[in-house]
J.: 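There's a structure below that I have some questions on.
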Amino acid sequence: MKQSKTIITTALVLTGFLAASQTQAAAVTFNFSSSNAWTKSDLVFNSGTDSVTVGAFNGGNDTSVSSTRVFVGANSAGLVACSGGNSNTGGSATGCSGDEHTISSNGADEDIKFTFSQEVTLLSATFKYWDGKGSSASDMDDFSLFVGTTPRFTDQTIITGSNDGTATFNFATVGGDLTDSVFYIGARGDGDTFKLYSLTVEIPAVPEPSTYLLMLSGLGLLGWKFGRKSLKA
């Protein structure tokens with residue numbers, strides 16, 4: 001009988017730990033195709049119970065993120081930024097004239113900042129209205145990525161092919177550590193321009209409360225059993 005109780009108790013503990021270890025992270029896609037007027041405040045996008053805060057900035061370079069807040073908006077093709085083109089300084093929050101209405105490096109480098117409530121891992125990003133500009137990869141639009149405030153790359157080609165297409169970039173192709181709670185995706189250099197349609201990240205899953213209850217129950221039974229043995233001794 002005592003042996004049976006020990007087996008049951010051990011099984012409870014092992015089952016709890018196994019359930020926790022098998023809890024899978026979830027791939028979550030945030031779609032930015034929407035209707036959001038120009039604003040210098042943050043936009044919040046939801047995917048189920050998860051959310052990401054988005055803002056637009058300019059003034060960065062190859063080794064630093066942009067720090068000056070500019071207009072951000074979203075339309076059917078995704079996120080856009082407005083820091084003004086040439087001598088135009090950007091109009092108002094409801095009408096941003098003189099800008100390409102894309103995330104661009106024309107006039108000033110522009111970054112979109114993504115802030116998550118927890119650390120996530122970048123999986124892929126889908127771009128629209130990128131410009132091929134020619135048949136050579138060197139002529140294609142590039143984008144930059146900062147993980148936190150650390151530059152990951154500043155000249156990653158989106159895709160080759162026809163102009164104004166839809167392109168999904170798989171971050172697994174560049175490798176390295178792409179896990180953080182803050183990311184910047186933007187345009188650097190001469191003439192890069194695109195809209196950011198969606199972003200897919202991997203979010204760590206939280207074990208169900210019942211999993212913890214199972215483990216605690218098993219540990220409690222083990223503690224009680226060994227406590228009795230100590231008293232008898």
Side-chain angles (χ1 to χ4, degrees), residues 26-60 64-85 88-130 141 143-149 152 156 158 164 166-169 171 178-188 192-203:
V28 177
T29 298
F30 293 91
N31 191 312
F32 306 119
S33 173
S34 59
S35 179
N36 283 277
W38 294 114
T39 177
K40 281 193 175 182
S41 299
D42 289 326
L43 300 177
V44 177
F45 293 87
N46 299 303
S47 179
T49 59
D50 300 298
S51 65
V52 60
T53 301
V54 176
F57 298 81
N58 75 358
S64 68
V65 296
S66 297
S67 57
T68 302
R69 186 178 286 272
V70 297
F71 292 108
V72 63
N75 55 36
S76 60
L79 288 170
V80 294
C82 177
S83 56
N88 188 285
T89 57
S92 68
T94 56
C96 197
S97 60
D99 195 272
E100 296 81 9
H101 290 192
T102 58
I103 303 165
S104 71
S105 57
N106 297 325
D109 293 341
E110 294 173 340
D111 285 326
I112 300 294
K113 180 182 180 182
F114 300 90
T115 304
F116 297 87
S117 60
Q118 62 179 316
E119 287 194 342
V120 302
T121 301
L122 286 183
L123 296 181
S124 66
T126 297
F127 300 89
K128 284 196 173 185
Y129 289 95
W130 61 276
D141 281 333
F143 72 98
S144 64
L145 171 67
F146 283 72
V147 180
T149 57
R152 182 64 184 82
Q156 180 65 57
I158 294 176
D164 295 335
T166 297
T168 298
F169 184 86
F171 287 104
L178 298 175
T179 300
D180 207 301
S181 59
V182 176
F183 302 90
Y184 291 79
I185 294 178
R188 294 284 191 280
D192 291 324
T193 176
F194 50 82
K195 299 183 181 183
L196 191 52
Y197 184 76
S198 67
L199 191 65
T200 300
V201 300
E202 185 178 79
I203 297 180

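Predicted, not measured: the structure shown is a model, and the values here were computed from it.
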J.: As an exercise, state the distance from CG of Asp141 to CG of Asp192, rounded to the nearest 0.5 Å.
T.: 5.0 Å

J.: Give the intermediate values and the outcome of side-chain contact (heavy atoms from CB on, under 4.5 Å) for residues Arg188 and Ser105.
T.: CA-CA 5 Å; Arg188 294 284 191 280; Ser105 57; 5.6 Å; no

J.: Between Thr200 and Thr29, what is the shortest heavy-atom contact and its length?
T.: OG1-OG1, 2.8 Å

J.: ring-ring contact (aromatic ring centres under 6.0 Å, His included) with Phe45: which residues, sequence neighbours excluded?
T.: Phe32

J.: Could you list the residues that satisfy side-chain hydrogen bond (donor to acceptor under 3.5 Å, both in side chains) with Thr149, not counting sequence neighbours?
T.: none

J.: How long is the span from the CZ atom in Phe57 to the OG atom in Ser66, to the nearest 0.5 Å?
T.: 8.5 Å

J.: Does some side-chain heavy atom of Val65 sit less than 4.5 Å from a side-chain heavy atom of Lys113?
T.: no

J.: Quick check for you: to the nearest 0.5 Å, what is the distance between Trp38 atom CH2 and His101 atom NE2?
T.: 5.0 Å

J.: Which residues pass the side-chain hydrogen bond (donor to acceptor under 3.5 Å, both in side chains) test with Ser67, not counting sequence neighbours?
T.: none

J.: Evaluate the side-chain contact (heavy atoms from CB on, under 4.5 Å) criterion for residues Phe114 and Val54: first the C-alpha distance (whole Å), next the side-chain angles of each, then the deciding distance (0.1 Å), finally the verdict.
T.: CA-CA 5 Å; Phe114 300 90; Val54 176; 3.8 Å; yes

J.: Let's go through Leu145 and Leu122 carefully: what are the C-alpha distance in whole Å and the side-chain angles of both, what is the deciding distance for side-chain contact (heavy atoms from CB on, under 4.5 Å) to 0.1 Å, and is it a yes or a no?
T.: CA-CA 11 Å; Leu145 171 67; Leu122 286 183; 3.7 Å; yes

J.: Please report the closest heavy-atom contact between Ser51 and Asn46, naming both atoms and the distance.
T.: CB-OD1, 3.1 Å

J.: Which residues satisfy the ring-ring contact (aromatic ring centres under 6.0 Å, His included) test with Phe169, sequence neighbours excluded?
T.: Phe143, Phe171

J.: So, using side-chain contact (heavy atoms from CB on, under 4.5 Å) as the criterion, who are the partners of Thr168 when residues are at least two apart?
T.: Ser124, Thr126

J.: Can you list everything that forms a side-chain contact (heavy atoms from CB on, under 4.5 Å) with Thr53? Sequence neighbours excluded, please.
T.: Asp42, Val44, Thr115

J.: How would you list, by chain and number, every residue that makes a side-chain hydrogen bond (donor to acceptor under 3.5 Å, both in side chains) with Ser34, sequence neighbours excluded?
T.: Asn36

J.: Using side-chain heavy atoms (C-beta onward) and a distance below 4.5 Å, is Thr166 in contact with Phe127?
T.: no

J.: Would you mind reporting whether Leu196 and Ile185 have side-chain heavy atoms less than 4.5 Å apart?
T.: yes

J.: Once salt bridge (charged side-chain N to carboxylate O under 4.0 Å, His left out) is applied, do any residues pair with Arg152, and if so which ones, sequence neighbours excluded?
T.: none

J.: Enter the distance from Ile103:CD1 to Asp111:CG here, rounded to the nearest 0.5 Å.
T.: 9.0 Å

J.: Let me confirm one number: the CD-OG1 distance from Glu110 to Thr193, rounded to the nearest 0.5 Å.
T.: 8.5 Å

J.: A side-chain contact here means heavy atoms from C-beta on lying under 4.5 Å apart; do Phe116 and Asp50 qualify?
T.: no

J.: In chain order, what residues pass the side-chain hydrogen bond (donor to acceptor under 3.5 Å, both in side chains) check against Ser144, with sequence neighbours excluded?
T.: none

J.: Considering residues at least two apart in sequence or located in another chain, which fulfil the side-chain contact (heavy atoms from CB on, under 4.5 Å) criterion with Thr179?
T.: Glu119, Thr121, Asp177

J.: Measure the spacing between OG of Ser64 and CG of Asp109 and express it to the nearest 0.5 Å.
T.: 9.5 Å

J.: Partners of Ala167 by side-chain contact (heavy atoms from CB on, under 4.5 Å), sequence neighbours excluded?
T.: Trp130, Ile158, Ile159

